[in-house]
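Worksheet for the structure shown next.
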Number of protein chains: 4
Amino acid sequence: MQQERGKRERILEAAQTVFARKGYYQAKIEEIAELAGVGKGTVYEYFVSKEELYKEMFKVILNRYTEYVMVEATPEMTTKEWIRHLLEMHLRYMLENRQHMPTNFGDLGGMDTEILGWMYDMRKRSVNRLVPVFQKGIDRGELKGMDPELGANLLIGMMRGVTLPLMVEGTYGEPSQVAEAMTEILFHGIAR
Amino acid sequence: MQQERGKRERILEAAQTVFARKGYYQAKIEEIAELAGVGKGTVYEYFVSKEELYKEMFKVILNRYTEYVMVEATPEMTTKEWIRHLLEMHLRYMLENRQHMPTNFGDLGGMDTEILGWMYDMRKRSVNRLVPVFQKGIDRGELKGMDPELGANLLIGMMRGVTLPLMVEGTYGEPSQVAEAMTEILFHGIAR
Amino acid sequence: MQQERGKRERILEAAQTVFARKGYYQAKIEEIAELAGVGKGTVYEYFVSKEELYKEMFKVILNRYTEYVMVEATPEMTTKEWIRHLLEMHLRYMLENRQHMPTNFGDLGGMDTEILGWMYDMRKRSVNRLVPVFQKGIDRGELKGMDPELGANLLIGMMRGVTLPLMVEGTYGEPSQVAEAMTEILFHGIAR
Amino acid sequence: MQQERGKRERILEAAQTVFARKGYYQAKIEEIAELAGVGKGTVYEYFVSKEELYKEMFKVILNRYTEYVMVEATPEMTTKEWIRHLLEMHLRYMLENRQHMPTNFGDLGGMDTEILGWMYDMRKRSVNRLVPVFQKGIDRGELKGMDPELGANLLIGMMRGVTLPLMVEGTYGEPSQVAEAMTEILFHGIAR
DNA sequence: TATGAATGAGCGTTCATTCAT
DNA sequence: CATGAATGAACGCTCATTCAT
């Protein structure tokens, strides 16, 4: 029983590594099983199918990410502080987890329609978590009047826009500085 | 007599549709051939392998996109005008080509490392085409002093950030209005 | 629990039959699998590839043959007795195994260069096993002074020369008599 | 018309090279066509199928070989002289035509039953051409009383037995000397 | 007659999933 | 619960052959 929990988690972790490294279709569940130190059949003891395993693993990552990123984010912060903090933590997380959450995740592509739809839903949740932040900022008078969803989508886009090269090439120096620069642009624009 | 000079093009077009609909791994050469109205073997007369076909098709899309988006973009425009125009054309293109260039493209994911690397290179080209625009804007005094590559990456990110929901859900109304809103935010920020 | 320890053997045996009947390139893995009473995939559980299966099967045959032929061959025999025995056993074996080791084996031909090289190596082993026999015969003064390798190659050639029609047409009567005639010719020549 | 003849022969010659180099199944008729300097379809203008081309080419080789080998073979020769001559010419031919008539020919194997049967017939013709030679030798009192077919088969076997390593490894020195040694063994045996 | 673009049957191999132990 | 041997649907790719020109 104790064992059981451990196994499920080991599979999930192995799935993370392998899916990240190979992508969904190239990942073989045998390899995941091996890396997890369990038999191939055991994977099916815990997860109905490859797809289910993928989704489950994705949720785990998302949760871990969310938790990590939201640490110390308090309601007292200004919207700017909050977003700056989000950006920095995001960059830190990505930098620290290059192994487990590389380019293959993050955005859809190459997958069939069904799983793709599911992943889009996941993405939407992120947006939905961000929308109230923008709304509150607007209400408080910190932000311009604007479509909060547009803001959220732009922010998420910016994050990904900078994350991809960051992970692939490892550039961009200190997360705190990049976060600062990004925040500045997002809040005050690029115009001189 | 190369018999039906359009064959290569028909295959490319079919590849577009099928790859877009199914993603790289789920797309079957046979289906592409059928849709193109040719025999399975014919595909291999024109393309060495599935992967090569994919890349070739991707280039075609990219070119078409670039051409479409850059129409009427003149060097006399201010950076702001130029980017606003880019955004609007981008949104128009995506809206018009939901069928052929949906969520599966645009970003990596689910593919194996080799083809993924190739696609990242493609993305980099886009960035590299944008960098000089930012640089010029800075030099002209239109933009703040900033890392032009960061700017390019953020812009690309924003574009994708808003494209995805646009294509999946079809929201956001008029491209010109959304482009306007995005430009405003990019240039003057979200801060009040 | 390796489930049915005979599975590998059954596949090997089926391979024997099918490869013999159809030749390397015409033999289909699926047919071998069927004949062995296993699924197509199972073949690949035990053998990496068609080529590997072929080689493995070939070794098995060769071993069985060698074992059969060498039974009761003792060092005390004279060279003549030894060779006469070899010839007789060879003929017997071929006659008994028409099903499994027909014309397709035994010599190269029709195969691509890689596997052909491997098979030539196999042949060489046979030669190498025969050379010392000739050498000993010469040393003992039973045979003329001669290149023992030439002798070995001639003997092998003679064996095949008579085996082929034997198997295809089934003629030549009693192995012991044919062996006797062959030995007589080999040792004392055809000249009157 | 003049042209026609030339084309057919060029195809035949190319077939020789390619079949020899690759074996029947690995040879691609496209490669043969290319080497012959004709279009792929043209091959089918002259030969019904790959198999027919193979057979036709085989006959050509056989004829050329027979012609070459039988040159200067006169009825006045003793059987021994005749066979010695045959052996030497055979070795010379094989040495000179390593390119065109290598290991892949010469003996069956790897091919499917139909073509195999055909090739066995070809072989039989060789035997049938040799049988009278033995018979005559016996009648003349030059050879022992023996089954002339057995003699013929043994001789053919010996020839192949020494040809294979000769072509693969290129050993065995001067054809005339090897022929001499072989004749000596065949006529007077290996016994001291 | 000559061509080579087009074709599709055919095959080796992979891998998610099942299930007997 | 755990396992891994067994399976077979699925697919990319090849190549002998056809046929319109």
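What you see is a predicted model, and the numbers here were worked out from it, not measured in a lab. Below, chains carry the letters A, B, ... as their sequence lines are ordered, and counting in each starts from 1.
- A:I11 places its CD1 atom 14 Å from the P atom of E:dT17, with the value rounded to the nearest Å.
- With sequence neighbours excluded, the residues forming a side chain to side chain donor-acceptor pair (under 3.5 Å) with A:E31 are A:K22, listed by chain and number.
- There is no side-chain donor-acceptor pair under 3.5 Å between D:Y24 and D:E51.
- Looking at heavy atoms from C-beta onward, D:E56 lies out of side-chain contact with D:Y46 at the 4.5 angstrom threshold.
- Rounded to the nearest 0.5 Å, atoms CG (D:L12) and CD (D:E9) are 7.5 Å apart.
- Atom-to-atom distance recorded for A:R8:CZ and A:L53:CG is 9.0 Å, nearest 0.5 angstrom.
- Taking 4.5 Å as the limit, some side-chain heavy atom of A:I32 sits within range of a side-chain heavy atom of A:F19.
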Readout for nucleotides 7-14 of chain F: B = base within 4.0 Å of protein heavy atom, S = sugar-phosphate only, - = neither; 5' to 3' it is BB-BSSBB
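- There is a side-chain donor-acceptor pair under 3.5 Å between C:R64 and C:Q16.
- Summarising the geometry, the separation between CG on D:L53 and P on F:dT17 is reported as 10 Å, rounded to the nearest angstrom.
- With rounding to whole Å, D:R8 atom CZ is found 16 Å from E:dA2 atom C1'.
- Side-chain contact between A:N97 and A:Y65 is absent, with no heavy atoms from C-beta onward closer than 4.5 Å.
- Between C:I32 atom CD1 and E:dG12 atom C1' the separation is 11 Å, expressed in whole Å.
- Remark: C:Y46 is in phosphate contact with F:dA6, judged by side-chain N or O atoms under 4.0 Å from OP1 or OP2.
- Stem analysis of DNA chain E (Watson-Crick or G-U pairs, both distances under 3.5 Å, runs of at least three) returns E:2-21 with F:2-21.
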